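Shown next, in structure tokens, is the structure this report addresses.
These numbers come from a predicted model, not from an experiment. Hydrogens, waters and symmetry mates play no part in the numbers below; they use all other heavy atoms, side chains included.
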Amino acid sequence: EEAASAGNTDVLVFHGATDAPTVSVWETGIGAGQLFNDFMYSDFEGYLPLATNDYTLEVRDNAGTTTVASYDAPLTTLGLEDSALVVLASGFLDPSMNSNGPAFGLWAALPGGGDLIELPVSSTIGFEENSNLEDASVYPNPVSVEGLLWVNLTLNETSNTTIDIYDASGKMVRSIAQGTLSSGLNTLQINVSDLPQGFYHMNISTDLEINSKSFAVVR
């Protein structure tokens, strides 16, 4: 339940997807590169000692040339410094060939127990130069399921703004029309008491563009 070295998060990885090929796993968010390869069904890898960061994990073919799927692994956001956890691959790459079973994905078992948390499909939407949305932040992150999520938006000009929230599978779970927000700092409040524990993407739409933030709901 604890990392071997202070400041790290130790991660044990399990390949539990029966129709997935032998794969390699790469980190592309901070440029850590290949973590391991020759990883086939029923294999364990780790515990891998990782510096605690918010990572992007790509599951690729064993040659490392074709990406099967990409996921966010926000170790810092979840406050997992000095902890150990398990990440498992499960589900089917082709559910239609497997009685329409669950689709392929990555899930994390946290050291504190509780339900497995599905890692979200990676979002690469970012701020564009000269965009209307100058800055955005969400806090606290992670947020308790009993608590409130606060969103700070700094706009360069007055704009109609909508916030759409998606779960880890990409399903929209909330759409909130904020109406017309003025230029400058706007502070918004979102009640997340009805959202299950897990990772979420928030798309912030203004008159000019869409930008994205990620957050986690924990118990």
Side-chain angles (χ1 to χ4, degrees), residues 17 29 54-59 68-80 85 87-93 95-96 100-110 112-128 131-133 135-155 159-181 186-219:
D54 287 342
Y55 292 107
T56 300
L57 301 180
E58 288 193 0
V59 180
V68 176
S70 180
Y71 300 90
D72 291 336
L75 304 182
T76 298
T77 296
L78 286 176
L80 291 172
L85 68 150
V87 174
L88 59 96
S90 190
F92 301 107
L93 285 179
S96 67
N100 292 317
F104 181 86
L106 299 184
W107 284 262
L110 303 185
D115 295 339
L116 296 179
I117 296 179
E118 186 174 2
L119 298 186
V121 174
S122 179
S123 172
T124 57
I125 301 173
F127 295 104
E128 298 179 2
S131 69
N132 185 30
L133 185 57
D135 190 26
S137 61
V138 296
Y139 64 93
N141 192 5
V143 58
S144 166
V145 292
E146 294 85 11
L148 296 172
L149 184 69
W150 296 86
V151 183
N152 281 343
L153 303 179
T154 302
L155 300 176
S159 176
N160 291 313
T161 304
T162 300
I163 294 177
D164 296 325
I165 298 176
Y166 298 83
D167 65 15
S169 70
K171 177 184 177 181
M172 182 189 292
V173 295
R174 181 95 49 90
S175 182
I176 308 166
Q178 297 293 334
T180 302
L181 300 182
N186 297 267
T187 299
L188 312 174
Q189 185 185 83
I190 299 175
N191 190 323
V192 298
S193 60
D194 62 333
L195 296 182
Q197 175 172 289
F199 297 107
Y200 296 87
H201 284 303
M202 175 188 297
N203 280 359
I204 304 165
S205 304
T206 69
D207 290 336
L208 299 179
E209 74 282 304
I210 300 175
N211 291 284
S212 181
K213 301 294 289 185
S214 296
F215 67 95
V217 175
V218 298
R219 298 189 185 279

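The structure places OG1 of Thr180 at 4.0 Å from CG of Asn160, a figure rounded to the nearest 0.5 Å. With rounding to the nearest 0.5 angstrom, the CG atom of Leu149 is 5.5 Å from the CZ atom of Phe215. Taken from CG in Asn203 to CE in Met172, the straight-line distance is 8.0 Å, to the nearest 0.5 Å. To the nearest 0.5 Å, atoms CD1 (Ile176) and CD1 (Ile190) are separated by 4.0 Å. Atom CG of Leu78 and atom CG of Asp54 lie 8.0 Å apart (nearest 0.5 Å). Note that OH of Tyr55 is 12.5 Å distant from OG1 of Thr77, once rounded to the nearest 0.5 Å.
Contacts of Ser137 classified as side chain to side chain contact (heavy atoms under 4.5 Å, CB included), with partners at least two apart in sequence or in another chain: Asn152. For the ring pair (Phe, Tyr, Trp, His ring centres under 6.0 Å) test, no residue two or more places apart in sequence or in another chain qualifies with Phe104. The side chain to side chain contact (heavy atoms under 4.5 Å, CB included) test applied to Ser90 returns Leu88, Trp107, not counting sequence neighbours.
Here the shortest heavy-atom pairing between Gly101 and Pro95 reads O-CB, 3.2 Å. What you find for Leu155 and Ser159 is that their closest heavy atoms are CD1-CB, 4.3 Å. Closest heavy-atom contact between Ala109 and Leu85: O-CB, 3.3 Å. The shortest non-hydrogen separation linking Asp115 to Gln197 is O-NE2, 3.5 Å. In this structure, Thr56 and Ser70 approach most closely via the heavy-atom pair CG2-OG, 3.5 Å. In plain terms, the two heavy atoms of Thr162 and Ala177 that are nearest each other are OG1-CA, 4.1 Å.
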>> As a quick check of understanding, evaluate side-chain contact (heavy atoms from CB on, under 4.5 Å) for Ile204 and Thr161, giving each step before the final call.
In response: CA-CA 7 Å; Ile204 304 165; Thr161 304; 4.1 Å; yes
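Of the possible polar contacts, none joining the Asp72 side chain to the Leu119 backbone as a donor-acceptor pair under 3.5 Å is found. Asn191 contributes a side-chain N or O that, together with a main-chain N or O of Ser193, makes up a donor-acceptor pair within less than 3.5 Å.
For the pair Tyr200/Val192, no side-chain contact is recorded, criterion being any heavy-atom separation below 4.5 Å from C-beta on. Side-chain contact between Tyr71 and Pro120: absent, with no pair of heavy atoms (C-beta onward) separated by less than 4.5 Å.
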